[in-house]
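The structure appears right after this line, and notes come after that.
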Amino acid sequence: MDVTLHLAQDPAADELLGRSPLAALVGMLLDQQVPMEWAFAGPRTIADRLGTDDLDAHEIAAHDPEAFAALLSAKPAVHRYPGSMAKRVQQLCQYLVDEYDGDAGAVWEGVGTGDELLRRLTALPGFGKQKAQIFLALLGKQLGVRPEGWRAAAGAYGEAGSYRSVADITGPESLTKVRAHKQEMKAAAKAAKAAATTKTAKAAKAAKSQA
């Protein structure tokens, strides 16, 4: 990996994401319940606080849990929930040590199909199907990892010309489009929930009147 990403919207943080497979994975792991830029700046912050120029899965996995949680919790915190995310980062790194000898890039290097890559990503601690598909799309769209069937395996996130996730962010303009899409999805989900609640209330009222 040696590409230019624009996920943290910070040159130093994005530079690390573009050359470090582990940093990219950790950034993706942190990308929940906080703004995307905050999440993807996390790997650079962690590396700086560890006094290194990159992240090392062996080092992080072996780090004292309390000390690592404190490292992520120091202001400015790496995440809104630094304690729980510190635990997840260490779990991810321990898995990489156990399964890939600490080499994060080995998760996707030499993978023959998109389905196999999705399986490997979904097996990572903290990576559900949606997060795995988004990261798979990021690998294909921006990092040149394109095994056979990768777009299909990534689902809607793999669609060309879409603005659904971090996989589609290449600068400020695309960031704005992705944010707009997410707001639309949240509004639609909220409306659907409200409609379901209303339907349930009406059904309960009707049942009560017939009793």
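All values reported here derive from a predicted model rather than from experimental measurement. Along the sequence shown, residues are numbered consecutively beginning with 1.
Here CG of L139 is found 12.0 Å from CD1 of I134. Values are rounded to the nearest 0.5 Å. In this structure, the separation between CD on E59 and CG on L22 is 10.5 Å, given to the nearest 0.5 Å. Between the CD atom of E99 and the CG atom of L124 there is a distance of 9.5 Å, given to the nearest 0.5 Å. Taking CG from L72 and CZ from R88, the interatomic distance works out to 13.0 Å, rounded to the nearest 0.5 Å.
Between Q94 and H58, every side-chain heavy-atom pair lies at or beyond the 4.5 Å cut-off. The shortest distance between side-chain heavy atoms of L50 and I46 falls below 4.5 Å. In this structure the side chain of Q133 reaches within 4.5 angstrom of the side chain of L118, judged on heavy atoms. L55 has its side chain out of reach of R44: every pair of non-hydrogen atoms, C-beta onward, lies at least 4.5 Å apart. E116 has its side chain within reach of R119: a pair of non-hydrogen atoms, C-beta onward, lies under 4.5 Å apart. Side-chain contact between L117 and W150 is absent, with no heavy-atom pair separated by less than 4.5 Å. Using a 4.5 Å heavy-atom cutoff, the side chains of E159 and R151 are not in contact. Between L7 and L138, some side-chain heavy-atom pair lies under the 4.5 Å cut-off.
Side chain of R80 to backbone of V34: no donor-acceptor contact under 3.5 angstrom is found.
When all heavy atoms are compared, the tightest approach of A8 to A13 is CB-CB, 3.6 Å. Here the closest heavy-atom approach between residue L136 and residue G114 is recorded as CD1-O, 3.7 Å. Scanning all heavy atoms of the two residues, the minimum distance from K131 to L29 falls at NZ-O, 3.7 Å. In this structure, R120 and Y100 approach most closely via the heavy-atom pair CD-OH, 3.5 Å.
Residues satisfying the side-chain contact (heavy atoms from CB on, under 4.5 Å) criterion with D103, sequence neighbours excluded, are A106, E109.
A ring-centre distance under 6.0 Å is found for F135 and W108.
Counting heavy-atom neighbours within 6.0 Å of Q130 CD, excluding the residue itself, gives a total of 12 or less. For K87, the NZ atom sits in a loose shell: 12 or fewer heavy atoms of surrounding residues, nucleotides or ligands are nearer than 6.0 Å.
Counting only N and O atoms by type, the side chains of D54 and S20 include a donor and acceptor under 3.5 Å apart. Using modelled atom types and a 3.5 Å distance limit, the side chains of K177 and S162 yield no donor-acceptor pair.
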